[in-house]
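Here the structure comes first, spelled out in structure tokens, and everything after it is commentary.
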Amino acid sequence: MKLPSKITSYGESVISKFSPVLSALRGNDMKAFTLYQTTTKYFANLEEFVDTLDCLFALQKIRYDAEHEVICYVE
């Protein structure tokens, strides 16, 4: 996971990826693959996407609805 530092700019950090993911999820629960397709232009690779989801889960900004198999925005 990349965090902002002297070496890693904010734009390259995982924190800068929060906004596109949360914006895509506001009002639209999505399957993980659909969310990745929607936001893929913000990520250099799949690992960055997964790191972003991990952080958002840890911060309780998103949750996984196992019944419907979708990722949901938490208000």
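Since this is a predicted model, take the numbers as computed values, not measurements.
- For T40 (side chain) and Q37 (main-chain N/O), no donor-acceptor pair under 3.5 Å exists by modelled atom type.
- You'll find the side chain of C55 reaches within 4.5 Å of the side chain of V14, heavy atoms only.
- Minimum heavy-atom separation, F57 to Y64: CE2-N, 3.5 Å.
- Between G11 and S16, the shortest heavy-atom distance links the atoms O-OG, 3.1 Å.
- Looking only at side-chain heavy atoms (C-beta outward), F18 and L59 come within less than 4.5 Å of each other.
- Closest non-hydrogen pair, I7 versus E12, comes out as O-OE1, 4.3 Å.
- Closest heavy-atom contact between D65 and R63: CB-NH1, 3.8 Å.
- Using a 4.0 Å cut-off between charged nitrogen and carboxylate oxygen, K31 and E69 count as a salt-bridge pair.
- Between the side chain of S13 and the main chain of Y10, a donor-acceptor pair closer than 3.5 Å is present.
- Residues F33 and Y73 do not share a hydrophobic cluster, defined by chaining ILVMFWY side chains whose heavy atoms lie under 4.5 Å apart.
- Residues F43 and E48 share a closest heavy-atom pair of CA-OE1, 3.5 Å.
- Put simply, the side chain of F49 reaches to within 4.5 Å of the side chain of L35, judged on heavy atoms.
- Each of D29, I62, L25, N28 was evaluated against C72; a single residue qualifies, D29, per the side-chain contact (heavy atoms from CB on, under 4.5 Å) test.
- Residues A24 and T39 approach most closely at CB-CG2, 4.1 Å, considering heavy atoms.
- For the pair V74/Q60, no side-chain contact is recorded, criterion being any heavy-atom separation below 4.5 Å from C-beta on.
- Side chains of M30 and V70 form no contact here, defined as non-hydrogen atoms less than 4.5 Å apart.
- Summarising the geometry, atom CD belonging to E75 is positioned 10.5 Å from atom NZ belonging to K61; distances are rounded to the nearest 0.5 Å.
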